[in-house]
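Quick one: the structure is below, questions incoming.
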Amino acid sequence: MYIIKVKGVAKIPDYVQLRDENFTLLAYFRVDRPDKSLEKIGLGHLQEHIMGIVNELPFGQIKKISI
């Protein structure tokens, strides 16, 4: 799985994309509101772990993680 953190501009908030090995979009959510999106794809129990990675990840970088 890949995590991409994108910096918002003006009124558009910062957001995160979660993508699978084929780079298909699994989830797209605001950095400050991950709850529903992670629950929807079955990763709600890993929210703290995923958000820890997101908080350390610089904007504009892609990071491969294994869950």
Side-chain angles (χ1 to χ4, degrees):
M1 181 177 298
Y2 296 91
I3 294 180
I4 306 164
K5 185 175 173 183
V6 180
K7 178 77 173 159
V9 292
K11 294 182 180 181
I12 300 171
D14 301 340
Y15 65 90
V16 175
Q17 292 180 10
L18 293 180
R19 294 184 174 265
D20 68 8
E21 296 298 322
N22 297 320
F23 226 69
T24 303
L25 185 65
L26 299 174
Y28 174 88
F29 56 88
R30 288 174 45 166
V31 172
D32 60 343
R33 296 186 192 169
D35 306 341
K36 291 180 185 176
S37 293
L38 292 177
E39 287 291 333
K40 187 175 181 180
I41 63 169
L43 296 176
H45 64 286
L46 295 172
Q47 180 177 337
E48 287 185 32
H49 174 68
I50 291 171
M51 291 311 295
I53 294 169
V54 168
N55 290 331
E56 294 177 5
L57 187 66
F59 288 105
Q61 288 193 1
I62 299 172
K63 182 170 184 164
K64 185 174 183 174
I65 62 169
S66 57
I67 293 183

Report task. Mind checking ring pair (Phe, Tyr, Trp, His ring centres under 6.0 Å) for Phe59 and listing every partner two or more places apart, or none if nothing turns up? Result -> none
Query raised in the report: Would a 4.5 Å heavy-atom cut-off, applied to side chains only, mark Leu38 and His45 as touching?
Result: no
**Report entry** Verify same cluster id: Val6, Tyr2 (apolar side-chain graph, 4.5 Å)
**Finding:** yes
Query raised in the report: Between Arg19 and Ile62, is any pair of side-chain heavy atoms under 4.5 Å apart?
Result: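 Of all side-chain heavy-atom pairs linking Ile62 with Arg19, none is under 4.5 Å.
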Query raised in the report: More than 12 heavy atoms of other residues, nucleotides or ligands under 6.0 Å from CD of Glu48: is that the case?
Result: no
Report task. Evaluate the criterion side-chain contact (heavy atoms from CB on, under 4.5 Å) for residue pair Tyr15 and Lys7; output intermediate values, then yes/no. Result -> CA-CA 7 Å; Tyr15 65 90; Lys7 178 77 173 159; over 6 Å; no
Report task. Determine the minimum heavy-atom distance between Leu57 and Lys63, stating which atoms define it. Result -> CD1-CB, 3.8 Å
Query raised in the report: Which distance, rounded to the nearest 0.5 Å, do you find between the OG of Ser37 and the CD of Gln17?
Result: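 Reported value, rounded in 0.5 Å steps: 11.5 Å.
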Query raised in the report: For Lys36, what residues pass the salt bridge (Lys or Arg N to Asp or Glu O under 4.0 Å) criterion, not counting sequence neighbours?
Result: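 None.
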Query raised in the report: If you take all heavy atoms of Leu43 and Met1, which pair is closest and at what distance?
Result: CD1-CE, 3.7 Å
Query raised in the report: Can Asp14 and Lys5 be said to form a side-chain contact (heavy atoms from CB on, under 4.5 Å), step by step?
Result: CA-CA 8 Å; Asp14 301 340; Lys5 185 175 173 183; 5.8 Å; no
Query - Side-chain (Asp20) to main-chain (Asn22) donor-acceptor, under 3.5 angstrom - result: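 Checked: pair present.
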Report task. With sequence neighbours left out, write down each residue that passes salt bridge (Lys or Arg N to Asp or Glu O under 4.0 Å) with Asp32, or none if nothing qualifies. Result -> Arg30
Query raised in the report: Quick check: does any side chain N or O of Gln61 sit under 3.5 Å from a backbone N or O of Ile4, one acting as donor and the other as acceptor?
Result: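 No; judged by distance alone, with no hydrogens or angles, the pair does not exist.
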Report task. List the steps, then state whether side-chain contact (heavy atoms from CB on, under 4.5 Å) holds for Ile3 with Val16. Result -> CA-CA 7 Å; Ile3 294 180; Val16 175; 4.0 Å; yes
Query raised in the report: Can you find a heavy atom in the side chain of Phe29 that is under 4.5 Å from one in the side chain of Leu18?
Result: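 Sidechains of Leu18 and Phe29: in contact.
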Query - Separation of Glu39 CD from Gln47 CD (nearest 0.5 Å) - result: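 That separation rounds to 7.5 Å.
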Query - Shared hydrophobic cluster for Tyr28 and Met51 (ILVMFWY, side-chain gaps under 4.5 Å) - result: no
